[in-house]
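Structure first, commentary second.
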Amino acid sequence: MNIMIALIPALLWGFMPLLITKIGGTTRQQTTGITFGALIFACIAFIFTDPVYTAETVIVSFVTGCLWSVGQMFQLKSFKLIGVSKAMPISTGMQLVGTTLCGVLLFHEWDTTFRIVFGFIALALIIIGIFMTSYAEKEEAGQATLNRGLLALAISSAGYISYVVIIQGFAINGFDAILPQAIGMVIAALIMTARSKDDKESRFIKRTAWLTIPGMIWAIGNVAMLYANSLVGVATGFSLSQLGVVISTLGAILLLNERKTRKEILFVIIGVILVVIGGVLIGITKA
């Protein structure tokens, strides 16, 4: 039963990119809707929890919420540039590598030979998996678009990694952080999407309201992971949460009809498997 609960974040986070893409909208509308959805859920969660706030908790959580919005917005940009099936495994891989290296360099998590060996094997598998999922059988005129997508993912991953590492560095309880983080997410989103020369459509339309649903889905997954970690441990919970990339990647090919050749699909499947295995091995090093 505990393992089933621990799989909830993977299910929700894997389904979230598919739902966002199906609903559609501009990057501005998607970023706005998702962050407001997270805030709505945070307000509901506040009623049923008993958070303990200090000045440090509020400020740090608010800042990490802003960083999360940066990560989310640029990930959404990458979806439009290179597609969900290519963006998600690369994004997941970058985040795994980045958070792991930060854990090693800043928090000295690899303190035994066992962890060092498994850690480097995990990083190698993830990097190979990233390259495989980004494989294109034919060099297309869209190489510049691919480069823009990879740049967007690099910025996105930097935002997500900072969000995780800073919270870890200050040892802030995840449940205490939910509401101030969500406020930071919304404020950062409103600032980043305030003006756009290329996008004249309003941020606040009916579609934006629908986009609050993926935001609440993300927030539910976040709370589910915090709860699952208390049941099965951080290592197992972390590892299982990485399985969401399988749902989003294969779902994009099957449900969103993202075009790929048979060889590209094979490379994507193998790449996703390598990224997931790498994530599981990193979870083992955290045990």
- line: Closest heavy-atom pair, L19 versus I213, reported as atoms and distance to 0.1 Å, is CD2-CG2, 4.0 Å

query: Should the heavy atoms of other residues, nucleotides or ligands under 6.0 Å from CZ of F46 be counted, would the total exceed 12?
result: no

task: Look at the side-chain heavy atoms of Ile, Leu, Val, Met, Phe, Trp and Tyr, link any pair under 4.5 Å apart, and say whether I20 and I253 land in one connected group.
output: yes

- request: Look only at the side chain of T54 and the backbone of T57, and say whether a donor-acceptor pair between them is shorter than 3.5 Å.
  value: yes

query: Quick one: does I269's side chain get under 4.5 Å of L250's, heavy atoms only?
result: yes

- prompt: Are V245 and L255 linked, directly or through other ILVMFWY residues, by side chains that come within less than 4.5 angstrom of each other?
  reply: yes

- request: Report yes or no: does S157 contribute a side-chain atom to a donor-acceptor pair with the main-chain N or O of A154 at less than 3.5 Å?
  value: no

Between CD on residue Q30 and CZ on residue F79, distance to nearest 0.5 Å: 8.5 Å

Taking every non-hydrogen atom, the tightest pair across A42 and A182: CB-CB, 3.6 Å

message: Walk me through whether T35 and W68 qualify under side chain to side chain contact (heavy atoms under 4.5 Å, CB included).
response: CA-CA 10 Å; T35 52; W68 184 90; 4.1 Å; yes

- request: Indicate the atoms forming the closest heavy-atom contact of L96 with I126, along with that distance.
  value: CB-CD1, 3.7 Å

T92 side chain to P89 backbone, donor-acceptor under 3.5 Å: no

Side-chain heavy-atom pair Y163, Q181 within 4.5 angstrom cut-off: yes

task: Answer yes or no: is there a side-chain heavy-atom contact under 4.5 Å between L101 and L123?
output: yes

message: Go through it in stages, so that I can follow the logic: the residues are L179 and T49, the test is side chain to side chain contact (heavy atoms under 4.5 Å, CB included), and I'd like the CA-CA distance, side-chain angles, deciding distance and then a yes or no.
response: CA-CA 11 Å; L179 184 57; T49 57; over 6 Å; no

message: One pair to check against side chain to side chain contact (heavy atoms under 4.5 Å, CB included): T212 and F41. What are the steps and the verdict?
response: CA-CA 10 Å; T212 61; F41 181 84; over 6 Å; no

- request: Over 60° means perpendicular and under 30° means parallel, so classify the ring planes of W218 and W13, tilted if in between.
  value: parallel

More than 12 heavy atoms of other groups within 6.0 Å of F175 CZ: yes

- request: Could you pull out the closest heavy-atom pair between E56 and I172, with the gap in Å?
  value: O-CD1, 4.2 Å

statement: Shortest non-hydrogen pair, L240 vs A6, comes out as CD1-CB, 3.5 Å

- request: Only counting residues at least two apart or in another chain, list the ones meeting ring pair (Phe, Tyr, Trp, His ring centres under 6.0 Å) with F170.
  value: none

- request: May I ask you to check whether over 12 heavy atoms, not counting those of F131, lie within 6.0 Å of atom CZ?
  value: no

message: For residues 250-272, which residue pairs pass the ring-ring contact (aromatic ring centres under 6.0 Å, His included) check, not counting sequence neighbours?
response: Y135-F267

message: Just so I know, are the side chains of I82 and L153 near enough to count as touching, which here means a heavy-atom distance under 4.5 Å?
response: yes

query: Would you find more than 12 non-hydrogen atoms of other residues, nucleotides or ligands less than 6.0 Å from F120 atom CZ?
result: no

message: Strictly distance-based, threshold 3.5 Å: is any side-chain N or O of Q95 a donor or acceptor partner for the main-chain N or O of I161?
response: no

message: Under a plain distance cut-off of 3.5 Å, with no hydrogens placed, do T208 and Q29 share a side-chain donor-acceptor pair?
response: no

message: Looking at T31 and T27, would you say the former's side chain and the latter's main chain have a donor-acceptor pair under 3.5 Å?
response: yes

- prompt: Taking C-beta and beyond as the side chain, do S69 and Q72 meet within less than 4.5 Å on heavy atoms?
  reply: no

- request: Spell out, as yes or no, whether a donor-acceptor pair under 3.5 Å connects the side chain of S91 to the backbone of A87.
  value: no

message: Going by the rule side-chain contact (heavy atoms from CB on, under 4.5 Å), which residues pair with R148 if we only count those two or more places apart in sequence or in a different chain?
response: L81

- prompt: Taking the side chain from E258 and the backbone from S85, do they hold a donor-acceptor pair closer than 3.5 Å?
  reply: yes

query: L243, L231: one ILVMFWY side-chain cluster at the under-4.5 Å cut-off?
result: yes

query: Is there a side chain to side chain contact (heavy atoms under 4.5 Å, CB included) between L39 and M185 once you walk through the steps?
result: CA-CA 8 Å; L39 178 59; M185 291 173 186; over 6 Å; no

- prompt: When rounded to the nearest 0.5 angstrom, what distance separates CZ in F74 from CG in L151?
  reply: 8.0 Å

- request: Report whether L226 and M216 are members of the same hydrophobic cluster (ILVMFWY, side-chain heavy atoms less than 4.5 Å apart, transitive linking).
  value: yes

- prompt: Would you find a donor on one side and an acceptor on the other, under 3.5 Å apart, between the side chain of S61 and the backbone of V58?
  reply: no

query: When rounded to the nearest 0.5 angstrom, what is the spacing between NZ in K77 and OG1 in T26?
result: 9.5 Å

field: No-hydrogen, no-angle side-chain donor-acceptor test under 3.5 Å, R203 and T32
entry: no

